[in-house]
Amino acid sequence: MQTILITGGAGFIGSHLTRLFVTKYPNYNIVNVDALTYAGNLANLTDIENEPNYTFVKGDITDAPFINDLFSKYQFSGVLHCAAESHVDRSITDPLAFVRTNVIGTVNLLQAAKESWKGNMQDKLFYHISTDEVYGSLGDEGFFTEETAYDPRSPYSASKASSDHFVRAYYHTYHLPVKISNCSNNYGPFHFPEKLIPLCIHNIINKKPLPIYGKGENIRDWLFVEDHVRAIDTIFHNGKIGETYNIGGHNEWTNIALVKELCKQMDQKLGRAEGESAQLITYVTDRAGHDLRYAIDATKLKNELGWLPSLQFEEGLSKTIDWYLKNQEWLNNVTSGGYQNYYEAQYNKR
Ligand code: NAD
Ligand code: DAU
């Protein structure tokens, strides 16, 4: 029986990853460590919380003594590192929070793994979950490959790029067995409604303005979250040590086209007149340093490991909307309290 640490397992992607590993691998003990920041929510995991191979530990990856004790206690053979500050707009307001968790937190984990696995790196793995934003911004053409030079532009992407560099430094310097994946924009259930898709779903339900930054012409490559965690599973088990894999949906949308598609589907599902929700679209001041376009070339993952996305976007979006409509209590819980203050500060300054 091996014990695997998942960090940030109460967040959006982390909760899907935790669910997949707990249910698919009953022979793994999964320990989920999460600080339960505003983005972490144990309600994302109620369906698996009583599984015998699952343990939750509340804790902060910036706390090195806590992390070291955890490695001593559980003798992990693998780490799936998801915990991060993940929202670009928050990184513009408070960059240091991103340095603390994304950079220092990652180095604390790398250091603890190195010490714990000293003299026996065999069958160990530190898997770092990262983002396509480290590659910077594309023009109208081209794709990010694993060879694209890093060019992060926001405090968030700079902190993730830094963490990627530290992971590779531990591989080259200390021979720590590592893998990294860099993924495009995810969407799906349990996505915190500060991000574009769940924020617009929430606002459409409540007939509130849909804030579109700039002209809405920025492009993102969207992937259903369950496809992302399936890719992580494939890479974790079959990818090569020391390698990086890009994960993407081959599914590029301008923000304005995406929000219009969302409005169209939601009008149908809510029994509203066609075009009603699109009237909520409101152009607001652009995000500072707003990257124009992200697009992933995931050929390496397809050719070497046979992974492909499984869902068409319209279908994934429909599933996602249905989930939010069915889980309005979840949405109401996460948008009460601190969320209101964040929303006021973020959107009233625009
Ligand atoms: P999220 O913000 O939804 O969840 C982050 C989780 O980490 C939360 O549960 C939070 O409580 C926890 N956390 C934050 N700081 C912590 C700390 N100091 N100690 C312990 N736990 C802490 O993020 P997400 O969208 O699920 O992203 C997960 C990972 O995937 C991140 O590393 C992110 O960079 C990466 N990623 C995200 C996307 C995306 O579209 N969301 C795409 C590519 C990569
Ligand atoms: O590419 C992967 C990244 O995708 C992840 O690493 C990040 O953790 C994740 O947050 C996401 O970053 P983005 O900045 O692309 O996601 P977000 O949902 O914040 O914004 C998507 C696009 O929509 C972006 O061009 C900004 C725009 N936007 C966003 C918000 C919140 C708006 O126009 N209005 C909004 O209110």
Side-chain angles (χ1 to χ4, degrees), residues 5-18 32-41 58-68 70-71 79-114 126-137 144 148-171 176 178-186 191-192 194-195 225 228-229 232 244-247 287-291 294 342 346:
L5 169 65
I6 298 184
T7 69
F12 168 46
I13 296 168
S15 61
H16 288 275
L17 187 62
T18 303
N32 169 17
V33 169
D34 196 299
L36 299 181
T37 68
Y38 77 94
N41 188 353
K58 184 171 188 289
D60 192 326
I61 60 169
T62 66
D63 180 349
F66 161 73
I67 291 296
N68 295 338
L70 198 75
F71 272 77
V79 177
L80 282 157
H81 176 33
C82 254
E85 288 292 342
S86 69
H87 191 37
V88 173
D89 292 325
R90 289 185 190 254
S91 82
I92 295 168
T93 316
D94 184 8
L96 271 179
F98 286 67
V99 174
R100 279 193 290 271
T101 287
N102 299 358
V103 185
I104 296 171
T106 300
V107 179
N108 281 341
L109 289 163
L110 288 164
Q111 187 64 17
K114 169 171 105 56
F126 189 103
Y127 187 132
H128 180 58
I129 286 129
S130 194
T131 171
D132 60 357
E133 299 200 13
V134 298
Y135 298 123
S137 183
F144 298 134
T148 302
Y150 276 31
D151 184 20
R153 314 286 185 95
S154 73
Y156 163 68
S157 54
S159 69
K160 291 296 291 187
S162 172
S163 65
D164 291 9
H165 290 323
F166 270 105
V167 173
R168 291 196 183 95
Y170 270 69
Y171 171 65
L176 192 79
V178 306
K179 295 178 189 175
I180 299 179
S181 56
N182 296 82
C183 188
S184 63
N185 286 61
N186 284 217
H191 204 184
F192 193 79
E194 64 188 351
K195 310 280 167 66
V225 62
H228 183 192
V229 300
I232 295 173
T244 295
Y245 295 86
N246 281 355
I247 310 172
R287 172 184 279 173
H290 197 172
D291 289 339
Y294 305 144
Y342 163 77
Q346 177 65 22

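Residues: numbered from 1 along the sequence shown.
Separating the CD1 atom in Ile180 from the OG1 atom in Thr244 is a distance of 4.5 Å, to the nearest 0.5 Å. Rounded to the nearest 0.5 angstrom, Arg153 CZ and Asp291 CG are separated by 6.0 Å. The OG atom of Ser163 sits 12.0 Å away from the CD1 atom of Ile104 when rounded to the nearest 0.5 Å. Taking CG from Asp60 and OG1 from Thr101, the interatomic distance works out to 6.0 Å, rounded to the nearest 0.5 Å. Rounding to the nearest 0.5 angstrom, the gap separating the OH atom in Tyr135 from the OG atom in Ser130 is 8.0 Å.
Surrounding CZ of Phe166 are at most 12 heavy atoms belonging to other residues, nucleotides or ligands under 6.0 Å away.
In terms of modelled atom types and a separation under 3.5 Å, the side chain of Asn186 and the main chain of Ser184 share a donor-acceptor contact. Under a 3.5 Å cut-off, the side chain of Thr7 and the backbone N or O of Cys82 do form a donor-acceptor pair. Between the side chain of Asp34 and the backbone N or O of Gly40, no donor-acceptor pair lies under 3.5 Å. The closest donor-acceptor contact from the side chain of Thr106 to the backbone of Asn102 lies under 3.5 Å.
Using modelled atom types and a 3.5 Å distance limit, the side chains of Thr18 and Asn32 yield no donor-acceptor pair. Side-chain atoms of Glu85 and Tyr156 form no donor-acceptor pair, as typed in the model, at a separation below 3.5 Å.
Looking at Ile61 and Asn108, their side chains never come closer than 4.5 Å, going by heavy atoms from C-beta outward. Side-chain atoms of Phe98 and Ser91, non-hydrogen and from C-beta on, do get closer than 4.5 Å to each other. Contact annotation: the side chain of Asn246 never approaches that of Asp132 to less than 4.5 Å [non-hydrogen atoms, C-beta and beyond]. Counting heavy atoms from C-beta on, the side chains of Phe12 and Phe192 never come closer than 4.5 Å. Using a 4.5 Å heavy-atom cutoff, the side chains of Val178 and Arg168 are not in contact. Between Asp89 and Glu194, the closest side-chain pair of non-hydrogen atoms is not below 4.5 Å. Side-chain contact between Leu5 and Leu109 is present, with at least one heavy-atom pair separated by less than 4.5 Å. Side-chain contact between His128 and Lys160: present, with at least one pair of heavy atoms (C-beta onward) separated by less than 4.5 Å.
Residue Ile129 is tested with Ile247, Asn182, Ile232 for a side-chain contact (heavy atoms from CB on, under 4.5 Å); the sole match is Ile232.
Between Tyr150 and His165, the ring centre distance stays below 6.0 Å. Phe126 and Tyr171 have their aromatic ring centers separated by at least 6.0 angstrom.
By the 30° and 60° cut-offs, the orientation of the rings of Tyr342 relative to His87 is perpendicular.
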Between Phe66 and Val33, is a side chain to side chain contact (heavy atoms under 4.5 Å, CB included) present by the stated rule, with each step listed?
CA-CA 11 Å; Phe66 161 73; Val33 169; 3.8 Å; yes

Apply the test side chain to side chain contact (heavy atoms under 4.5 Å, CB included) to residues His228 and Ile13: give CA-CA distance (whole Å), side-chain angles for both, the deciding distance (0.1 Å), then the verdict.
CA-CA 8 Å; His228 183 192; Ile13 296 168; 3.8 Å; yes

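The shortest heavy-atom contact between Ser154 and Glu133 is OG-OE1, 4.3 Å. Contact record, Arg287 with Ile92: CG-CD1, 3.8 Å, taken as the closest heavy-atom pair.
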